[in-house]
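Down below is the structure, laid out as structure tokens.
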Amino acid sequence: MSRREMDELGWQELDILLVTGDAYVDHPSFGAPLLGRWLIRHGFRAGICAQPAWDKADDLLRMGRPRLFAGVTAGSLDSMLAHYTAFRKKRSDDAYTPGGKAGARPNRACIAYTNAVQRAFPGLPVILGGIEASLRRVSHYDFWSDSVRKSVLLDSKATAITYGMAENSIITVARTIETILEETGEVDLRALRPQLAGLPGLAVTGTREDIPNGADILELPSHETILADPKQLIEATKLLEKQVHQNKATAIQETGGRLVLITPPGPPLDSKGLDELAELPFTRLPHPAYRERIPAADMIRTSVTTHRGCSGGCSFCTLALHQGRTIRSRSRESILKEVESITKVKGWTGSISDVGGPSANMWGAHCASDQSKCERPSCLTPRICKHYRVAQRDFVGLLRSVSDVNSVEHVRVASGWRIDLAVTDMRALTTLIREFVGGQAKVAPEHQVDHVLKLMRKPPFSTFETFLDLFDKESKKAGKKQYVIPYLMSAFPGCTEEDMRELHAWLDSRGWRPEQVQCFIPLPGTAAAAMYHAECDMQGKPIHVAKTDAERLRQHAILMPNTGRPPKGASRGNDRKRPRRGGARHRK
């Protein structure tokens, strides 16, 4: 992060500067440090500029002009979600910032940081990445301005976007720019863009002539067509989901006579690649320059990510869109090796706080068919696909192996469990409940009314009730006082106040009192955001949508009756990765 550190490494200049809206925590859960170590592993010199000032160039200039390009990310959250609640009130905290203070990153950070980099380093390629850029790579509904915005690539004037998980694509981009620089002595941005249009996993501006010969094309409705007809946003969303899940075609979208080309996703890291990534020398600690604690660093310090991808495809969630629907699992040996390394980190207490991923019990899951031909947006709804295979007993065996690592005293599964998968293997579920619940099991029924659950792409509510009955029974047999912490959501598209009262009545019948409820936030790029904007379901059938803050608050208050305003800390939107205590606790 400094010229002094470069001197200690013997570096005269950087190849790549990574600019991020998060503080620098050297942990694989943080995108910029992960990519930084991955770039170094592949022979590039990478530096991180964390949370720089965006109105002046001093922070960006600290390590000099990078040789190849600057990579820009808003950080672990969309910057607007990081700054504003579901009721558009400004947040006072940011878990990814020293001291947990809000305001260290700008609104629309991808645009602000790109502009700052271009002022500091004229003519330098700027490559966007991370969740904010990925989900805003084409026309998208923006909740905070209540408008359809065009691709962030056009708004920021960046060179390209590496969408999704970018380990392979960022190396390809770095090598392409390096080759051009070695052959010509300079990088011309206009000449660079057509070359990037032939690389996988990128969004670039270009023309139809830049599309490789013979490529399959998915033509999305133009930006102007979507502005004129909100239902066209649903069509664009379905086509983009198809591209992500089938990994074949080039998607294109026209905006004001300009074309955004989204090349097919590149091959993701497989098990071997994920193992290699996890074995990089992360310290798992914040950079020593920081003097204040970083809340997110404390939350994930002793957690282990076992896999990537989510087969659920929930309509409000960005996981399947960003990581893909196919599960890629790390090997047992790599996970155990990481656990051993965690036990040597300063501050080790004997507890592994979480072993899991997007849904913990998906480790080892795979499709027994050719998923590239699959048209389903979800492997699990409306029912679990007959080709979907899970390995939940293997997951239990993995947890027991983690427990056997020297100096490990406690192992917990804090990641959410996918309950429709859990109830398909009662033996594995029984073991999870008895041995690996740290007092609370986090699951995501989201609602109680089945027509709302269908729009969410969630299983029927009867599945949650089956899970609850077994959880209570097995907890009692184990002699443990344990609670289910369900994620609950208000004001989802298709949900009415009567639906919320029905959910409240069910909670009341069981003596449950919600401590925290999420009010739906339409995240850019998701199917739920398209439904919210168009006020119809994914088939074009009209649905009720709570659009005004007044109605959204009324729905919210049905589960939070003592509040006349949004409860303090309510709703991190749909951010499932921020581990917060709360939810509805079962009162015995």
Side-chain angles (χ1 to χ4, degrees), residues 1-3 5-20 31-49 60-73 110 113-114 116-130 133-134 153 156-206 210 212 261-269 273 276-277 280-281:
M1 285 216 304
S2 68
R3 172 63 67 175
E5 291 172 312
M6 289 173 62
D7 292 340
E8 290 172 357
L9 291 167
W11 293 357
Q12 297 302 310
E13 64 179 347
L14 296 177
D15 293 315
I16 295 120
L17 176 66
L18 299 175
V19 182
T20 174
L34 180 145
L35 290 178
R37 289 211 176 271
W38 187 246
L39 285 161
I40 291 170
R41 169 69 177 79
H42 287 79
F44 297 99
R45 297 163 297 184
I48 290 178
C49 186
L60 294 166
L61 293 170
R62 188 180 301 134
M63 292 180 282
R65 182 186 178 98
R67 187 171 66 98
L68 300 179
F69 67 88
V72 169
T73 173
C110 282
Y113 286 152
T114 297
V117 169
Q118 290 168 336
R119 291 194 301 271
F121 308 117
L124 183 72
V126 180
I127 310 298
L128 293 178
S134 288
L153 185 64
S156 67
K157 299 180 175 61
T159 310
I161 295 172
T162 55
Y163 67 88
M165 307 304 284
E167 291 90 0
N168 283 334
S169 56
I170 199 170
I171 298 300
T172 304
V173 168
R175 287 174 175 162
T176 299
I177 295 176
E178 186 171 51
T179 298
I180 294 171
L181 193 61
E182 289 173 351
E183 291 177 352
T184 66
E186 63 178 357
V187 178
D188 180 84
L189 294 182
R190 288 189 177 181
L192 174 62
R193 286 188 172 95
Q195 296 194 53
L196 296 181
L199 304 180
L202 299 182
V204 296
T205 55
D210 296 323
L261 287 72
I262 304 97
T263 65
L269 290 182
E276 182 183 354
L277 192 67
L280 296 174

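What's counted below: heavy atoms across the whole structure, side chains too, no hydrogens, waters or symmetry copies.
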*Quick one: list whatever passes side-chain contact (heavy atoms from CB on, under 4.5 Å) with Met63, sequence neighbours left out.*
Met6, Leu14, Leu17

*Closest non-hydrogen atom pair, Cys49 against Leu60*: SG-CD2, 4.0 Å

*Excluding sequence neighbours, so at least two apart, what forms side-chain contact (heavy atoms from CB on, under 4.5 Å) with Asp210?*
Pro194, Ala197, Thr207, Leu261

*Taking only residues two or more places apart in sequence or in another chain, which ones pass side-chain contact (heavy atoms from CB on, under 4.5 Å) with Leu35?*
Leu18, Glu167, Ile170

*What distance do Ile16 atom CD1 and Leu68 atom CG have between them, rounded to the nearest 0.5 Å?*
5.0 Å

*Which pair of heavy atoms, one from Val117 and one from Ala70, lies closest together, and at what distance?*
CG1-CB, 3.7 Å

*For Pro200 and Gly266, work out which heavy atoms get closest and say how close.*
CB-CA, 3.5 Å

_Using only atom types and a distance under 3.5 Å, with no angle test, would you say the side chain of Thr162 pairs donor to acceptor with the backbone of Leu202?_
no

*asked:* For Ala160 versus Val204, what's the shortest heavy-atom pair and its separation?
replied: CB-CG1, 3.6 Å

*From CG (Leu199) to CZ (Arg175), nearest 0.5 Å*: 12.0 Å

*Going by heavy atoms in the side chains, are Pro125 and Leu189 under 4.5 Å from each other?*
yes

*Closest non-hydrogen atom pair, Gly164 against Ser134*: N-OG, 2.9 Å

*Is there a donor-acceptor pair closer than 3.5 Å between any side-chain N or O of Gln195 and the backbone N or O of Ile180?*
no

_By side-chain contact (heavy atoms from CB on, under 4.5 Å) - contacts of Pro265 (at least two apart)_ = Tyr163, Gln243, Asn247

*Quick one: OH on Tyr113 to OG1 on Thr20, what's the gap to the nearest 0.5 Å?*
7.0 Å

*side chain to side chain donor-acceptor pair (under 3.5 Å): which pairs involve residues 176-191, sequence neighbours left out?*
Arg67-Glu178

*For the atom pair CG (Leu196) and CD1 (Ile127), what is the distance rounded to the nearest 0.5 Å?*
6.0 Å

*Between Arg119 and Pro122, which heavy-atom pair has the shortest distance, and what is it?*
O-CD, 3.9 Å

*Could you check if a side-chain atom of Phe69 sits within less than 4.5 angstrom of a side-chain atom of Thr159, using non-hydrogen atoms only?*
no

*Are Leu39 and Ile171 side-chain neighbours, meaning at least one heavy-atom pair lies under 4.5 Å?*
yes

_All salt bridge (charged side-chain N to carboxylate O under 4.0 Å, His left out) counterparts of Glu13, not counting sequence neighbours_ = Arg45

*Tell me, do Leu269 and Asn168 make a side-chain contact under 4.5 Å, heavy atoms counted?*
yes

_Taking the side chain as everything from C-beta on, heavy atoms only, tell me whether Thr73 gets closer than 4.5 Å to Leu128._
no

_Holding to side-chain hydrogen bond (donor to acceptor under 3.5 Å, both in side chains), I want the full list of residues that pass it with Arg62, two or more places apart in sequence or in another chain._
Asp59

*Please name all residues satisfying side-chain hydrogen bond (donor to acceptor under 3.5 Å, both in side chains) with Glu276, sequence neighbours left out, ordered by chain then number.*
Arg41

*Just grab all the salt bridge (charged side-chain N to carboxylate O under 4.0 Å, His left out) pairs involving residues 191-200, residues at least two apart or on different chains.*
none

*Using side-chain hydrogen bond (donor to acceptor under 3.5 Å, both in side chains) as the criterion, list what pairs up with Arg37, not counting sequence neighbours.*
Asp26

*asked:* Tell me if the CD atom of Glu8 is crowded by more than 12 foreign heavy atoms within 6.0 Å.
replied: yes

